[in-house]
Amino acid sequence: MLNEFSNNTISLFLQKKKKKGSFFNFSLTTFSPNGKLLQIEHALKAVESGATSLGIKASNGVVIVTEKKLPTTLIDENSVKKIQKLNDGIGVIYSGLGPDYRVLISKARKKSQQYFKQYNEIIPVNIISRKVAGIMQEFTQSGGVRPFGVSLLVAGYDHNGPQLFQVDPSGSFWAWKATAIGKNSSNSKKFLEKRYKPDMEIEDAINTAILTLKEGFEGEMDEFNIEVGVITNDKKFRILEPEEVKDYISELNL
Amino acid sequence: MAGKNCVAIAGDTRFGVRNQTVALDSNRIFKINNRTLFGMTGLNTDILTLRESFKFQMNLYNLEEEREISPKTFAHNVAQTLYSKRFGPYFITPIIAGLEGEDYTPFLCATDLIGAMEFPKSFVVAGTGEESLMGVCETFYKENMEPDELFEVVSQCLLAAVDRDALSGWGSVVHVLTKDGITTKRLRTRKD
């Protein structure tokens, strides 16, 4: 039987020789007998052990925050930027593997620029979320690749108003009013359930978001170990400066 | 041609191959949605193909974006599609006319065969009789015309120019687009 297996592999090998490097024609993400995709389950575990990120959709904007826990004080925190913009009107944060996130951001930015080139319009939030989810799904059904180990929170403001989407390693995506992902997600979500009000304004939302992050924060929270990104009806996504974050934190401490 | 919160787009309906008239009912102006009209002149096969191509794209757009495309966005899409065939172009001159935004501001756009866009405020012309059309429109155009007046002006311009051009005529159609809808009228022209 072993010989058969190695014969099959070798013949596959020889057949696919024309394409460099793509000897793997079979997907690494395969179904288990009880209908689960274990690779995706494991990817979600990777997300769950990542740093907490959360987002809140207010009536006039969206806020996303994340904790930026660096392993040592020797790291230059200015060089680490977790919240990224996809274009002027959409911002993203993640929980999980940083390098996977960088690759996704790169692909998502390209897609959003392609859309702009075609239509001369900023891509709507639900459309870019769908495209990113599509990319993530490809990596669960292609040869020789593994799923991405990140969940993304996509925040934007378009013709449908403020929106907050989560995109998972499986490729599923859906919109939230408020949510948390990563280490303390279940506690943070319980906290948010109590605090969230649909007619919340953006300032209130920013305070609530930072407060929620503080609940599960290990150690002292200051303006250098969290990142805050906001978009309001001016449709420009802004990452807050440390000074502004400091103001919000000191308001909470009062 | 643009009026006050309305636009009109008109064209003849002759389809010919040099001197020979092949059809009298070729419609070259298409409705993209309630806010956008799209007309083309040039090589008939390209007109038909692009009509199908844009219908395809717009159907997908409507399904994915769950909204109607705005005239400006459509114009950019047209220009992009034409430029993608920069070195083997579609031989057409498209005109996009529509009403943009909440205030129904008139929007006109014309491009050349490889997607160079122009956004005139008053009127735009294309086709074999475009030189005559340009002259007549310049003379008869005035700003802020109401839909009825706009219809009259556009019809007269088209009729006058078409009579001067051997390759145009054999019937014409005028569409006037306002926020209440599109009115279409066919005019009798000289049949020669």
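Chain letters run A, B, ... following the sequence lines, proteins first and then strands; every chain starts at 1.
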*Asks:* Charged N to carboxylate O below 4.0 Å: is that the case for B/Lys4 and B/Glu149?
*Replies:* no
*Asks:* Given heavy-atom pairs under 4.5 angstrom as the criterion, report whether the side chain, backbone, both or neither of A/Phe116 touches chain B.
*Replies:* neither
*Asks:* Taking A/Glu244 for the side chain and A/Glu241 for the main chain, is one N or O donor matched with an acceptor at less than 3.5 Å?
*Replies:* yes
*Asks:* Just by distance, with hydrogens left out, do B/Thr13 and B/Asp25 show a side-chain donor and acceptor under 3.5 Å apart?
*Replies:* no
*Asks:* Side chain, backbone, both or neither: which part of B/Tyr83 has a heavy atom under 4.5 Å from chain A?
*Replies:* neither
*Asks:* Between B/Glu100 and B/Lys72 (side chain of the first, backbone of the second, donor and acceptor by atom type, cut-off under 3.5 Å), is there such a pair?
*Replies:* yes
*Asks:* In terms of heavy-atom proximity below 4.5 Å to chain A, should B/Ser70 be classed as side chain, backbone, both, or neither?
*Replies:* side chain
*Asks:* Go through the atoms of A/Glu121 and report whether side chain, backbone, both or neither lie under 4.5 Å from a heavy atom of chain B.
*Replies:* side chain
